[in-house]
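Worksheet for the structure shown next.
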Amino acid sequence: LWNLFKIEVMSATNHTGSSVTDFFIVGFPGLQDQGSKTILFFAFLVAYIIIVLGNLLIIFIFVFDESLHTPMYLLICSLAVFDISFPSIIVPKMLALFLLNSNFISFYACFTQMFFYMSMGTAEGFLLTVMAYDRYLAICKPLHYHNKMTNSLAIRHVVWCCTGGFLSLIIPTILAVRLPFCGPDKIFHCWCDLSSVVRLACANIVTNSILGLTIALCVLLTPLFLILLSYVMIIKSVLQISSSDGKIKAFSTCTSHLLVISVYFLTSVFVYISYRIPGTSEDFRIMAAVIHVVIPSLVNPFIYCLRTKDIRDSFNNTLKKS
């Protein structure tokens, strides 16, 4: 699939009448002065460093504490890997854009960045669904949990999340690549966003727009529906527990995941709404998209370290040993 995608991208400029070989990434149209760019550079640099270090801490704790080698923590560790990978696709280029005015990106690199950005974002939504399913099994079907959710099955679910994310975005990316681009070449965004790039095509883009919107809604609403369904079943099961301590303990295992889900989907909805409100400035829309990439990856390590007792205890024990 990757070879097919690569061939399509490399042949696009030869067979679709495209004269554009590079794109110019504008960034924030209203913040083009060097002072604003410097502030943006340091703000996102600090955020990116915290993202990488925070999620590496989660991975480090999981790897070196064998008591955490369970499906739930394996999924949390996988989320930490996703939270490093997702912003790493776009933030380094953004930093180069703000500090070095490195606005140009090649045709091939632009569509590659677009494909991996969308795929990783979709895969993360799928992973949050698997994590909700894991909590559903642990609370609603505890006697069957160890048969239906083992470490090998959890790894298999993570692989399927990645595969689903990549497969769902191949068709819209290839259709975008095959469009003729004959100018202009300015992308009014901080990276190669699909809708921003497609608007530059010298052709009818109705099919691309409809397909892109359909897939976006499917990969957003389907996981959200399954997650809500899982938690409806969880709440129903918890309410049947007689003791108040049992209810509190059952809910406490879900609070971290619920916070992570809330941050992810609220930022996604924020982006969607910003593009649908007439008169919304371009800078506001771009900032909404940047927040969707940065904020979930930034806060997830803090949520799990502060709200999950096992991870907190493991971290404290590691510090004491050191």
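Given the structure is predicted, the values throughout are model-derived calculations rather than measurements. The residues of the chain are indexed from 1 along the displayed sequence.
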Please tabulate, one pair per line, all N/O donor-acceptor pairs under 3.5 Å involving side-chain atoms of residues 76-84, not counting sequence neighbours.
{"from": "Ser78", "atom 1": "OG", "to": "Leu74", "atom 2": "O", "distance (Å)": "2.9"}
{"from": "Asp83", "atom 1": "OD1", "to": "Ser297", "atom 2": "OG", "distance (Å)": "3.4"}
{"from": "Asp83", "atom 1": "OD2", "to": "Asn300", "atom 2": "ND2", "distance (Å)": "2.8"}

Kindly list each side-chain donor-acceptor pair under 3.5 angstrom involving residues 121-131, sequence neighbours excluded, with atom names and distances?
{"from": "Thr122", "atom 1": "OG1", "to": "Met118", "atom 2": "O", "distance (Å)": "2.8"}
{"from": "Thr129", "atom 1": "OG1", "to": "Gly125", "atom 2": "O", "distance (Å)": "3.0"}

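A donor-acceptor pair is defined here as one N or O able to donate and one able to accept, closer than 3.5 Å; no such pair exists between the side chain of Asn103 and the backbone of Phe24. The backbone N or O of Gly165 lies less than 3.5 Å from a partner atom in the side chain of Ser168, making a donor-acceptor pair. In terms of modelled atom types and a separation under 3.5 Å, the side chain of Lys93 and the main chain of Ser102 share a donor-acceptor contact. For Thr173 (side chain) and Leu169 (main-chain N/O), a donor-acceptor pair under 3.5 Å exists by modelled atom type. Within the 3.5 Å criterion, the main-chain N or O of Gly27 finds no donor-acceptor partner in the side chain of His189.
With Ile105 as the partner, the side chain to side chain contact (heavy atoms under 4.5 Å, CB included) test is satisfied by one option alone out of Asp22, Thr112, Leu97, Ile25: Ile25.
There is a path of hydrophobic side-chain contacts, each under 4.5 Å, that joins Ile59 to Leu53. Under the 4.5 Å side-chain heavy-atom criterion for ILVMFWY residues, no single connected hydrophobic cluster contains both Tyr108 and Phe104. Two different hydrophobic clusters hold Ile286 and Ile39 under the rule that ILVMFWY side chains link at heavy-atom gaps under 4.5 Å.
In terms of heavy-atom proximity, Ala132 sits nearest to Ile234 at O-CD1, 4.4 Å. For the pair Asn208 and Ala176, the tightest heavy-atom approach, listed with the atom from each and the gap, is ND2-N, 3.7 Å. Minimum heavy-atom separation, Cys192 to Gln113: N-OE1, 3.0 Å. For Ser237 against Cys140, the heavy-atom pair with the smallest separation is CB-SG, 3.6 Å. When all heavy atoms are compared, the tightest approach of Ile90 to Tyr117 is CG2-CD1, 4.1 Å.
Checked against the 6.0 Å centroid criterion, the rings of Tyr231 and Tyr136 do not qualify as a close aromatic pair. When ring centroids are compared, Phe23 and Phe181 come within the 6.0 Å threshold.
Once rounded to the nearest 0.5 Å, the distance linking CG of Leu167 with CH2 of Trp160 reads 8.0 Å. Interatomic distance, CD1 of Ile215 versus CD1 of Ile171, reported as 6.5 Å (0.5 Å rounding). Taking CG of Leu40 as the start and CG of Leu45 as the end, the distance is 12.0 Å to the nearest 0.5 Å.
Residues passing the ring-ring contact (aromatic ring centres under 6.0 Å, His included) test with Phe188, sequence neighbours excluded: none. Evaluation of the ring-ring contact (aromatic ring centres under 6.0 Å, His included) rule for Phe64 yields Phe60 as partners, not counting sequence neighbours. Not a single disulfide bond (SG atoms under 2.5 Å apart) links Cys190 to another residue, sequence neighbours left out.
Relative orientation of the Phe28 and Phe98 rings is parallel, given thresholds of 30° and 60° on the angle between their planes.
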Checklist entry - Can Tyr145 and Asp134 be said to form a side-chain hydrogen bond (donor to acceptor under 3.5 Å, both in side chains), step by step? => result CA-CA 8 Å; Tyr145 177 75; Asp134 172 75; 2.5 Å; yes
Next on the checklist: For Phe107 and Phe111: C-alpha separation, side-chain torsions, deciding distance, then whether ring-ring contact (aromatic ring centres under 6.0 Å, His included) applies.
Outcome noted: CA-CA 7 Å; Phe107 190 95; Phe111 282 95; 4.9 Å; yes
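Using a 4.5 Å heavy-atom threshold, the side chains of Phe265 and Ile227 count as touching.
Note on residues 80-109: no pairs pass disulfide (SG to SG under 2.5 Å), not counting sequence neighbours.
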